[in-house]
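One structure is given here, and the rest of the page talks about it.
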Amino acid sequence: MRTVTVKPLEELEVGTFCKVTVDQKDILLVRLEDGVFATSDVCTHALVNLSGGWLEGNVICCPKHGGKFDARTGKALAFPAITGLKTYRTSVVDGQIVLEV
Ligand code: FES
């Protein structure tokens, strides 16, 4: 396990997400009112990038078939997504978002 500084917090507004790539893995950073969360950016249903989708509150919505995931836990919330997303721990250090990978 190591930590990687990925982005200034001020570049990710509350209620938005973005993709970062670390070690050739696409990771979705989601900023909510209560912090920054990170999941795999790849939908477990058909391997589409979730960063092409949208956010409804704390729910990540897949652009391909409408699968939904909890941004905080990665849990699959709506069919056809049934397998949850891998999640990553995050922190904010000196105004920078840090990921544990
Ligand atoms: S690819 Fe995401 S729900 Fe099918």
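Start at 1 and go down the list; that is how both ligands and their atoms are numbered. Because the structure is predicted, anything quoted here is derived from the model rather than measured.
Residues T39 and F69 form no side-chain contact, since every pair of their non-hydrogen atoms from C-beta on lies 4.5 Å or further apart.
With hydrogens and angles disregarded, a donor-acceptor distance shorter than 3.5 Å links the side chain of T90 to the backbone of V36. With hydrogens and angles disregarded, a donor-acceptor distance shorter than 3.5 Å links the side chain of R31 to the backbone of L12.
Listed here is the closest heavy atom pair of L29 and A38: CD2-CB, 3.9 Å.
The count of protein N, O or S atoms under 2.8 Å from atom 4 (Fe) of ligand 1 stands at 2, with waters excluded from the count.
Both the sub-6.0 Å distance and the 45° axial angle are not jointly satisfied by K19 relative to the ring of F17.
Applying the side-chain hydrogen bond (donor to acceptor under 3.5 Å, both in side chains) test to residues at least two apart or on different chains, the pairs with a partner in residues 43-53 are D26-N49, D41-N49, D41-S51, H45-H65.
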